[in-house]
Amino acid sequence: MAHDAVGGGEHTGHAGMGHGAMDMAPAGIPLASGAEDRDGLELDVLHARLGPVLAHWPSGLVLRCTLQGDVIVDAEARLIDAGPSAPNPRISSRHLFVARRCDNAAGLLALAGFDDAASHARRVRDAVLKAGGTAHASRQLYRLRRMVRRSWLLRWSLRRVGPLTERDLARWHLPEHLRGDVRDRLLSMLDRAAQGLAQADGQSTHDQPAVLIEAVADLVRGWDLAAARLIVASLDLEALTADREVSRV
Amino acid sequence: MITHVAFWALAVIAVLAGAAVFIVNSMARASYSLAVSFICVGLQVLLLQQNYVGVVTILMMVMEMAIMAVYMVMFMGMNPALMPMSMVHDKRHALAVSIAVFVLLATGVLLEPWPARRGTPPDDVTAALGEELMGPKMLVMAAVGVVMAVTIVAGVVLAAHRGRYDRFGDDLRRRPARDPQPGGVGR
Amino acid sequence: MTLQTVLLVAAALFSVGLYGALSQQVVVMVMMGLELMLNGLILAAAGFWWFLAPDPSGQVLLLVIIVAMTVEMAVGFAVATALHRVRRVDMTDMAADLSR
Amino acid sequence: MSDPSVRVVAPLWVLAAAGLLGLLVLAAAVLDGALSARAAGADVRTGLTRPIGEVARLMRQRRRVTVAADTLLWRVGGAGLLVMAMMIVTVVPLGDWTLFDLDVGVVWFNAMDVLAWAFVWLTGWGANSAYSLVGGYRFLAHGLGYELPLMFALVAPAVAASSLNVGTIAAAQQGLWFVVWMPVAFLVFCMGVLAIAVWGPFSPALGPDVAGGVSVELSGVDRLLFLSGRYALLAAGAAFAVPMFLGGGAGPLLPAWVWVLVKTLALLAVFVWLRRHLPAARPDLFMEVGWVVLLPAVLLQDLLVAGIALGRS
């Protein structure tokens, strides 16, 4: 659907960037130059960077985007300072797993503008991280899941955004739970948090399979900024554990 | 007295803002100075007791100029508006013609023996306008409606990029439609 | 505020608009000039109405002018978009050159 | 020309109206702070005092400067929302008193709410920052979706009262409030108010996904003006809904002006509460809804109202 704009976009990215226009720079900022866009209007091309520090954004991820209007025609992903985070001995990995899911869900909900649910998710996360809050936390999580599932406005706003089919998953080696659109992924995020919470302490939570950062860049191409932010947030990334060598930007 | 002062102040601002449209070198400033000019004229029309028309002028023109600014930014590409460069042709001729027109109009205005006022304004100007439009001048209203509808259709046809065959496929059966960005109703 | 002064202001607005419409090259700027001319017309019509014949039917003329402006804008934007899409030009001269 | 039930007060009362609007703004900000604090599980009292602390902080903050900003337009846009709200309030009768008894008050409201297009976009444009410009365009995209339904929603009460004067419309609701038999128009009107205040579902122009959108580079007094302008627009919109749909000053026991204030506060509280409760309506989705769903719905409502008005006369 949205990816048909991608075909040409992959190559036009940086190559065509403002050669003739470089000498014209009001206030030291070179003028943008135009390029083909998906609507055939030859809009100006803008280069902007998302991350590494941005609210509700996987920290350390940097997306260098080529924008036309607010549509991302090309993107290139990098990681900075990636490395395994030091494990916190006081919190079990299971609780960390659940907290991470809740945190990601809170970010996604905040990006979708659903502030109440986002605050709620943050409270669940805090309850999980505080040792002993498990019964309380699972009650809260249950309520959060019901709230998210029932909001028809949220369904309307997130459906059909960033759909991933079985084939897409295979192509980018993505884990199974990312299938569907952003809303499906949000629900599966919360479901996995609930599963993690229901497990006994001894059971090890299966390791989060890494998401290739090239996949992140590919997935946001052709979408507008708002949808792209939702898509990135819905990928449920672990902090700084994407499967790539460290590179500096 | 206050009316006179207000009228003159508005007149000066309206003309200066109108001239600024072609002087300032920023797209946003150009379109919004035109908006200011329109707002001043709308307020002057209010002073001339035609409340409905005056307020509608402000309403329409602010909206139009908001859109206008978008089009300016979109279509002026390598723009003269950020770079000070002259984008005019026949500047001198245009100036001469417009000054001549102004002199001609002004002489006409000043020399013409305007007739005395006939009739008095109705009590409720707006209601009178409405009754006029829905009564004796119904034809105007009907024509305006049709023209507006035609304009909407013509505008969309002229500006649209993708037709229904692009959206629904050659047999018009593809559901949901193939759009670069899905819409909110899910057609 | 007399009829003469109102009409003088209207004439000034009209002339400034005429200058813009004649001298500007970019389609959107030409439209701005036209709008300014119509702006002058609105003021003139309002002045005529108030000072000469304040009966209801005169106001209809004003409404028609406003409608004309909106239609002009809408069609103008559509034409500018179509021109831009088809020919990649936004200047009146270029559009004329290419049509030949 | 004007309704005898409404008296025009001396121009100096503008100050009182501005003060009242300021109080409503403060009430709305405090309520929002309290709701936010409650949702975050914090002490509600911290939320109550937060708006005041925020005002103090912004008053002292130094202005941020961006490269090649269009300062004039930026400042105009930032302060404009507050002016708009003030202009709307002038035509709202408070019980028997009004500041400006304009015979086309409804169109006046419409003309003022359209100014939001200009001011929000200008604020986004002036800062010369990519994120704020994206925010500005998002607002215009919303505008294309909500403005026409809003216009036609305003038509319904005017048709029912056969007047464009706000006082007359309020007086025409003796017995039955318009909200009862034109609920669609009322809901669409409320949506329009949320939209001009860039509030709740219509806040993608200020969205966290573009780092605050239009307001990203605003700081200090400019930010204060912009934010309080949003609250003021919410309050002014709620105040305007009272004579349009909620019977104006009608109500038992209390004097008319108290009823107007009570109704305004109630509607304002609902607006504020909605912000946290509803997800954002992204402009690309909302535009289609505005044209395909809301516009026909409001037109049907207008048709219905016109039919009833014709039958009653």
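All values below come from the heavy atoms of this structure, side chains included, with hydrogens, waters and symmetry mates left out. Letters A, B, ... are given to chains in the order of the sequence lines, protein chains preceding strands, and every chain is numbered from 1.
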Check residues 64-78 of chain C and write down every donor-acceptor pair under 3.5 Å in which the side-chain atom is one partner and the other belongs to a residue at least two apart or another chain.
{"residue": "C/T70", "atom": "OG1", "partner": "C/I66", "partner atom": "O", "Å": "3.2"}
{"residue": "C/T70", "atom": "OG1", "partner": "C/V67", "partner atom": "O", "Å": "2.6"}

Looking at [options], which one has more heavy-atom pairs under 4.5 Å with chain B than the rest?
options: C/G33, C/S15, C/G17; answer: C/S15
options: C/N39, C/V9, C/V16, C/T81; answer: C/N39
options: C/V60, C/L8, C/I42, C/V79; answer: C/V60

Chain C heavy atoms under 4.5 Å from [X]: which part of the residue, side chain, backbone, both or neither?
X: B/L129; answer: both
X: B/M68; answer: both
X: B/F7; answer: side chain
X: B/V140; answer: side chain
X: B/A96; answer: neither
X: B/M141; answer: neither

Give me the atom names and distance for the closest heavy-atom approach of [X] to [Y].
X: C/L52; Y: B/P115; value: CD2-O, 3.2 Å
X: B/L158; Y: C/A82; value: O-CB, 3.4 Å
X: B/L48; Y: C/G47; value: CD1-N, 3.8 Å
X: C/M29; Y: B/F22; value: O-CE2, 4.0 Å
X: C/A46; Y: B/V45; value: CB-CG2, 3.9 Å
X: C/L22; Y: B/A94; value: CB-CB, 3.7 Å

Note, [X] side chain near [Y] side chain (heavy atom, < 4.5 Å):
X: C/L36; Y: B/S37; answer: yes
X: B/Q44; Y: C/L43; answer: yes
X: C/M31; Y: B/Y71; answer: no
X: C/S23; Y: B/L95; answer: no
X: B/L110; Y: C/L7; answer: no

*asked:* So which residue, B/T3, B/V157, B/L34, B/L105, ends up with the most heavy-atom pairs under 4.5 Å with chain C?
replied: B/L34

*Using a cut-off of 6.0 Å, state whether more than 12 heavy atoms not belonging to B/D171 lie near its atom CG.*
yes

*Can you tell me if CD1 on B/I2 sees more than 12 non-hydrogen neighbours from other groups inside 6.0 Å?*
no

*Give, for atom OG of B/S31 and atom CD of C/E35, the distance between the pair rounded to the nearest 0.5 Å.*
11.5 Å

*Between CD1 of B/I99 and CG of C/L18, what distance do you get to the nearest 0.5 Å?*
11.0 Å

*Please collect all ring pair (Phe, Tyr, Trp, His ring centres under 6.0 Å) contacts where either partner lies in residues 36-58 of chain C, sequence neighbours excluded, each pair once.*
B/W114-C/F48

_For B/M138, side-chain contact (heavy atoms from CB on, under 4.5 Å) partners two or more places apart_ = B/M134

_Are there residues of residues 144-152 of chain B whose heavy atoms fall under 4.5 Å of chain C's heavy atoms? If so, which?_
B/V144, B/V147, B/M148, B/T151

